[in-house]
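The block underneath contains the structure these notes are about, expressed in structure tokens.
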Amino acid sequence: MGKTGTVEWQKIRGRKGQIRLVARAESTYKKPGPLQKYRSEGARCRKIKRSAKAVVTR
């Protein structure tokens with residue numbers, strides 16, 4: 001466990017245009033939903049590449 005306040009936050013734009021904060025480590029990848037949870041070979045899909053347009057830059 002890290003110290004309090006050590007998480008660096010990144011702004012992410014959602015599907016409807018709303019902006020929310022996620023940890024910087026999760027800004028390039030997102031967790032799959034129920035239908036994208038498994039690959040065709042049956043392996044578990046743990047990360048999905050996030051769209052470059054979703055990351056809000058200053």
Side-chain angles (χ1 to χ4, degrees):
M1 296 249 263
K3 297 179 195 173
T4 304
T6 57
V7 176
E8 294 184 17
W9 299 100
Q10 180 78 32
K11 289 182 181 179
I12 295 294
R13 186 175 293 113
R15 189 180 64 82
K16 296 180 182 176
Q18 76 278 16
I19 293 178
R20 60 189 172 92
L21 293 175
V22 297
R24 179 162 289 179
E26 298 175 9
S27 64
T28 56
Y29 293 99
K30 58 185 174 179
K31 293 182 179 177
L35 293 175
Q36 293 84 27
K37 198 172 183 180
Y38 295 98
R39 294 199 174 110
S40 60
E41 63 268 11
R44 179 85 192 272
C45 183
R46 299 189 193 282
K47 292 192 242 181
I48 294 178
K49 181 81 173 155
R50 192 183 294 277
S51 169
K53 293 190 306 183
V55 180
V56 178
T57 57
R58 295 179 191 220

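The first residue of the sequence shown is numbered 1, and numbering continues consecutively from there.
Heavy-atom contacts from other residues, nucleotides or ligands closer than 6.0 Å to CZ of R15 number 12 or fewer.
By the 4.5 Å heavy-atom criterion applied to side chains, I12 and V56 are not counted as neighbours.
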Side-chain donor-acceptor pairs under 3.5 Å in residues 16-40, sequence neighbours left out?
| from | atom 1 | to | atom 2 | distance (Å) |
| --- | --- | --- | --- | --- |
| Q18 | OE1 | K16 | N | 3.4 |
| R24 | NH1 | E8 | OE1 | 3.0 |
| S27 | OG | R24 | O | 2.7 |

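Applying the side-chain hydrogen bond (donor to acceptor under 3.5 Å, both in side chains) criterion to E41, with sequence neighbours excluded, gives no partner residue.
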